[in-house]
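Protein chains get the first letters and strands the later ones, always in sequence-line order, with residue 1 at the start of each.
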Amino acid sequence: MVEFEEFVRARSHALLRYGLVLTGSADDAADLVQEALLKLGSSWRRVRNKDDPEGYVRTIMARQHVSWWRRRRREHLTAEVPSPVREDEPELGEIWQRLRALPAGQRAVLVLRYHEDLSDQEIAARLGISPATVRSQASRALATLRVRARAFTGRRR
Amino acid sequence: MITEDELAGALRTIADRAEDRDVLTGVETKRRRRTRKRLRRTLATACSLAAGWGVLVAWPTYSGVDTAQPATNTVERMWPDALFTMPGQSRPLAAISATQVLVWAERGALEVYDAASGRSRPVTALAQAPLSLAVDHERVVWLADGHAWAAPLQAGGKMTKIGPVPGGEHVDRIALAGRYLVWSSPLDGVWRMSVTGGAPERVATGLQIVQWPWATDEPLDTRANPTKVVNLQTGRSIKISAVPGAEGLRCGPTWCTGSRGQEHIVQKIDGSWSRTYRAGSPGYPYRDRFFVGLGEIYDASTDATVAFEGAKIDASGGRKWSEGNGVVFWPHPAGVRVVNLAAIPRA
């Protein structure tokens with residue numbers, strides 16, 4: 001049976017990757033991963049017997065991120081965060097700046113859809129919102145990012 | 001306008017640039033802080049209930065930093081969780097995590113020693129301890145015979161030859177960056193090669209690795225100062241501003257050490273703060289924070305100088321301590337006493 005420390009060692013980098021695209025900052029990503037793992041650690045015995053402790057952590061991370069953002073957004077809007085984008089990558093930099101400027105809920109929906117490749121139904125379950133809200137959040141976010149979507153509803157599955 | 005595929009690609013690219021961090025230590029620190037807070041709340045309640053009867057309840061304290069009297073700061077007092085005794089005569093080579101260190105056992109093997117369980121597990125047989133190595137949570141890589149080698153840390157793995165490293169004899173720093181082995185030498189810049197093999201490719205010219213992903217334009221002249229520290233993953237460059245009179249600075253992304261006249265100094269990279277440093281010139285910081293000097297460990301993030309037992313001059317008039325990447329160690333009647341700097345939580 002996998003122990004908590006083993007799980008953390010094996011999956012921390014993957015969680016930091018997910019945290020970085022969710023939060024837009026390496027420090028916030030580490031903070032978010034640690035917070036989620038702290039919660040996982042306190043219920044590890046219960047969660048490890050289920051098949052998907054990582055899904056549990058990712059769910060905590062997405063929801064915690066949205067919750068933190070509501071509390072901290074004033075700080076975040078003014079904070080200088082080291083960018084993971086190089087100066088010679090203007091197109092990537094533009095997409096990244098727009099992504100960072102999105103409200104956390106909208107950004108989480110895009111990350112879950114385009115990075116985690118989840119269906120709208122799965123995103124709704126992960127964020128604890130309705131599928132209709134997922135679609136409207138995605139629609140607004142894509143419009144802000146000026147993404148040419150194949151369809152705004154039910155993109156996949 | 002961009003497409004959905006371009007958005008997915010952008011997110012993937014950004015995710016690939018996530019820096020690896022010791023998450024487990026951070027979780028442990030958060031857990032302790034919460035426990036302390038709960039304890040303080042409980043005691044505060046107890047105090048207020050007991051006050052009417054004149055009962056004195058001691059407030060819980062924890063490892064305060066005592067910079068005014070550095071000699072009183074010992075590893076035992078400041079960082080008890082980072083100190084352990086390892087049985088036998090294995091030589092610690094590098095810190096892996098808050099509890100694990102990579103060691104070379106005299107019988108000719110690389111092993112992972114876990115201070116929490118007190119057990120070692122074999123990694124691979126190896127006749128001599130490698131002089132140049134890097135380790136992360138998954139594997140160890142090292143240079144020997146002009147080639148790079150790798151072995152997984154998990155049990156049952158096999159040592160593999162990654163491939164030849166051109167100019168290997170000049171390589172003085174190597175690092176692991178995810179699935180890449182990265183190395184640098186004073187005149188040849190930074191190179192990388194997949195840990196599964198393939199052709200080496202140049203990552204940067206004119207830079208030397210400090211600690212991945214950070215590199216610096218370290219001059220050959222030991223009295224000259226570099227000008228910048230660069231994050232090779234993101235391209236972010238930090239300008240080094242030497243304090244007046246500083247020479248031979250060697251910098252991580254936040255701190256530098258060097259000399260000024262007859263003194264050794266430590267300074268912030270932007271030159272906004274500096275102080276003399278009595279324990280010699282220690283070179284680059286470990287984890288952008290710790291400097292190991294002559295018998296003392298200096299934690300720049302808390303401005304604390306911490307002494308350790310092995311640095312005391314013994315009956316023969318010498319000191320018996322040594323160091324690896326993130327580990328300081330010395331002989332002990334029960335084996336080897338080790339300070340694992342990776343076990344010290346963020347300040």
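- Interface remark: A:Glu91 contributes no atoms to any contact with chain B (heavy atom separation under 4.5 Å).
- With a threshold of 4.5 angstrom between heavy atoms, A:Val85 approaches chain B through its backbone and through its side chain.
- Interface residue A:Leu92: only side-chain heavy atoms are found under 4.5 Å from chain B.
- Under the 4.0 Å criterion applied to side-chain N and carboxylate O atoms, B:Arg121 and B:Asp114 are not assigned as salt-bridge partners.
- Only the side chain of B:Ser97 comes within contact range of chain A, with heavy atoms under 4.5 Å apart.
- Neither the backbone nor the side chain of B:Asn231 comes within contact range of chain A; no heavy atoms are under 4.5 Å apart.
- Contacts between A:Leu110 and chain B at a heavy-atom distance below 4.5 Å involve backbone atoms as well as side-chain atoms.
- The backbone N or O of A:Leu22 lies less than 3.5 Å from a partner atom in the side chain of A:His65, making a donor-acceptor pair.
- A donor atom on one side chain and an acceptor atom on the other are found under 3.5 Å apart for B:Ser272 and B:Asp270.
- Side-chain atoms of A:Ser139 never come within 3.5 Å of backbone atoms of A:Arg135 as a donor-acceptor pair (strictly under, hydrogens ignored).
- Among residues two or more places apart in sequence or in another chain, the salt bridge (Lys or Arg N to Asp or Glu O under 4.0 Å) test is passed with A:Arg126 by A:Glu116.
- Between A:Tyr114 and the options B:Glu6, B:Arg12, B:Glu4, a side-chain hydrogen bond (donor to acceptor under 3.5 Å, both in side chains) holds for only B:Glu4.
- Within the 4.5 angstrom heavy-atom criterion, atoms from both the backbone and the side chain of A:Leu38 approach chain B.
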